[in-house]
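Have a look at the structure below before the remarks.
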Amino acid sequence: MQETFHHPASMTLPSSYTFATTMSGSNGTTSNTMTTPWMDRRIWSKLPQRLLDRVLSFLPPPAFFRARSVCKRWYALLFSDSFLELYLRVSPHHHWFLFFKHKSTLKSYIYRDCGGGDQGTDNRRPCEGYLFDPNDIAWYRISFALVPSGFSPASSSGGLVCWISDEAGPKSIILCNPILGSVIQLPLTLKPRLFPSLGLTVSPTSMDVTVAGDDMISPYAVKNLTAESFHIDVGGFYSIWGTTSSLPRLCSHESGRMVYVDGKFYCMNYNPFSVLAHDVAANIWSNIQAPMRRFLRSPSLIESRGNLLLVSAVEKSKLNVPKSLRLWELQSFGTTWVEVERMPQQLYIQFAELEGGKGFECVGHGDFIVITIRGSDKALLLDICGKKWQWIPPCPYSQGVGGGNNNVRDCRELHGFAYEPRLANPVTGLLDQLTSLSFQPYNG
């Protein structure tokens with residue numbers, strides 16, 4: 001498992017430690033200070049195991065997996081119920097991002113590992129993702145070797161990455177924990193669909209999945225008609241795709257992704273721009289008007305610190321204010337937006353020149369928002385609390401291969417999800433039971 005994370009050789013490693021050591025000689029005892037890259041075993045050997053476990057549970061995943069090479073006991077911690085229980089209680093939340101290479105297809109959220117080599121063999125190569133740590137501005141590469149070909153990443157929550165089948169028909173959905181390499185497949189959806197939007201929320205005690213829109217009427221004519229939901233919780237209640245609902249009339253949501261905030265899934269609606277909201281408990285859809293909806297370009301919905309934000313460029317030739325990129329927050333009563341941040345004008349001029357009208361996408365997690373420019377490897381990071389904007393270095397693993405291939409641009413373009421690396425999530429134990437139980441759909 002220590003090979004799970006790969007990082008560039010140029011990445012900064014922890015510095016050496018300085019220890020004061022006492023040396024005995026024939027003339028008495030002298031004190032000497034020396035620097036060593038290793039911690040003094042005389043100190044660590046006397047620490048109680050429960051204290052060592054607590055220290056290890058606070059390590060970020062890359063450091064934890066490197067530490068597992070120290071001894072057999074540390075290596076076996078992933079299989080220790082007592083350690084995992086401690087980890088779930090005290091481990092801090094890591095607000096990271098998970099990106100995948102993008103290859104242009106019929107819809108924007110279909111991904112492939114499109115590195116160099118024979119294009120006809122791409123689907124047979126294991127897919128890989130790229131983890132970005134916004135605190136340390138560090139990239140890591142991680143493999144999804146157990147995910148079969150014909151699936152695309154669609155969402156992430158609670159340390160699990162959700163993959164959905166590409167083929168038209170009832171959708172197959174896979175949940176993968178890339179840290180452990182575990183894979184769980186959910187039952188097939190009931191409705192045949194082609195490119196639906198998908199929402200996922202996973203907590204330690206429950207999981208909800210919503211697949212909405214794009215009911216397949218024929219291979220050439222699709223309509224956004226219905227949504228179906230999957231629910232499982234520790235209380236023993238299961239709803240296996242039997243809970244269905246109707247979407248608002250004349251909706252057209254093509255982003256392929258949903259954002260979960262405070263009991264509701266949200267997704268963008270187009271022509272004109274608005275926001276669709278699905279109350280999971282009430283199983284009801286509603287339509288929320290977007291701010292400045294006729295002047296928006298490349299709008300994205302993100303979750304940040306428990307709030308729903310809309311990020312978009314604002315452009316209109318006769319508008320009395322300069323073109324800009326703005327952030328709005330949906331207020332608690334769910335119908336009003338308040339502008340909370342705006343990209344500095346000088347930075348926006350630089351951003352607009354690089355973006356060149358190609359469009360951009362946003363993903364948020366915790367205090368951070370990453371804005372990626374389509375068709376390039378350029379990305380901006382916003383620290384919302386510190387109101388700090390900065391360009392982030394390109395992912396060292398996603399660079400395309402030369403040779404004049406038009407797919408090079410697509411291979412450098414990354415599309416991402418909010419991702420919290422977790423060693424364990426108790427809800428996966430409930431999902432394991434699905435393979436041994438028979439269910440009757442619940443019609444809500």
Practice task
Apply side chain to side chain contact (heavy atoms under 4.5 Å, CB included) to Tyr419 and His365, showing your working.
Solution key: CA-CA 8 Å; Tyr419 175 70; His365 200 194; 5.5 Å; no

Practice task
Go through the steps to decide whether Tyr348 and Trp389 satisfy the test ring-ring contact (aromatic ring centres under 6.0 Å, His included), and finish with yes or no.
Solution key: CA-CA 11 Å; Tyr348 179 75; Trp389 299 79; 9.9 Å; no

Handout entry: Verdict with supporting geometry, Val259 and Ile302, side chain to side chain contact (heavy atoms under 4.5 Å, CB included)
Key = CA-CA 6 Å; Val259 175; Ile302 65 171; 5.5 Å; no

Practice task
Report the C-alpha separation of Leu276 and Asn287 in whole Å, then their side-chain angles, then the decisive distance to 0.1 Å, and conclude whether the side chain to side chain contact (heavy atoms under 4.5 Å, CB included) test is met.
Solution key: CA-CA 5 Å; Leu276 296 179; Asn287 205 336; 3.9 Å; yes

Exercise for the section: Kindly indicate, with the supporting measurements, whether the criterion side chain to side chain donor-acceptor pair (under 3.5 Å) is fulfilled by Ser172 and Gln185. Expected result: CA-CA 8 Å; Ser172 180; Gln185 185 166 356; 2.6 Å; yes

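Counting only N and O atoms by type, the side chains of Glu128 and Tyr130 include a donor and acceptor under 3.5 Å apart. Using modelled atom types and a 3.5 Å distance limit, the side chains of Asn283 and His278 yield a donor-acceptor pair. Using a 3.5 Å distance cut-off with no hydrogens or angles, the side chains of Asp166 and Ser152 do pair a donor with an acceptor. Using a 3.5 Å distance cut-off with no hydrogens or angles, the side chains of Trp241 and Ser229 do not pair a donor with an acceptor. Between the side chains of Asp215 and Thr226, at least one donor-acceptor pair of N or O atoms lies under 3.5 Å. Using modelled atom types and a 3.5 Å distance limit, the side chains of Gln345 and Ser324 yield no donor-acceptor pair. For the residue pair Ser274 and Asn269, a side-chain donor N or O sits within less than 3.5 Å of a side-chain acceptor on the partner. A donor atom on one side chain and an acceptor atom on the other are not found under 3.5 Å apart for His95 and Glu420.
Salt-bridge check for Glu341 with Arg326: failed, with every basic side-chain N at 4.0 Å or more from each acidic carboxylate O. Classification of Glu228 and Lys171 as a salt-bridged pair fails, no side-chain N sitting under 4.0 Å from a carboxylate O.
In this structure a side-chain-to-backbone donor-acceptor pair under 3.5 Å is present from Lys358 to Glu355. With hydrogens and angles ignored, the 3.5 Å screen pairs a side-chain donor or acceptor of Asp383 with a backbone N or O of Cys385.
Summarising the geometry of Gly242 relative to Leu190, their closest heavy-atom pair is CA-CD1, 4.2 Å, with the distance given to 0.1 Å. Across every non-hydrogen atom of Phe273 and Leu296, the tightest pair is CE1-O, 3.5 Å. Shown here for Pro62 and Trp96, the closest heavy-atom pair between the two residues is CD-CH2, 3.5 Å. Pairing each heavy atom of Leu423 with each of Asn177, the nearest pair is O-ND2, 4.1 Å. Nearest approach of Phe64 to Leu56, heavy atoms of both residues: CD1-O, 3.9 Å. Closest of all the heavy-atom pairs between Trp337 and Ile288 is NE1-CG2, 3.9 Å.
No side-chain heavy atom of Leu200 sits under 4.5 Å from any side-chain heavy atom of Phe230. Taking the side chain as every heavy atom from C-beta outward, Tyr140 and Pro61 never approach each other to under 4.5 Å. Looking at heavy atoms from C-beta onward, Ile369 lies in side-chain contact with Leu327 at the 4.5 angstrom threshold. Residues Phe97 and Val363 meet the side-chain proximity criterion, which asks for heavy atoms closer than 4.5 Å.
Cation-pi contact between Arg257 and Phe417: present, with separation from the ring centre below 6.0 Å and deviation from the ring axis of at most 45°.
Below 30°, between 30° and 60°, or above 60°: for Phe132 and Trp139 the angle between ring planes is between 30° and 60°, a tilted geometry.
Two rings, from Tyr238 and His231, have their centers 6.0 Å or more apart.
The number of heavy-atom neighbours closer than 6.0 Å to CD of Glu353, taken from other residues, nucleotides and ligands shown, is 12 or below. With a 6.0 Å radius and a threshold of 12 heavy atoms from other residues, nucleotides or ligands, Arg297 has its CZ atom above the threshold.
Here the OG atom belonging to Ser332 is positioned 9.5 Å from the CG atom belonging to Asp262, to the nearest 0.5 angstrom.
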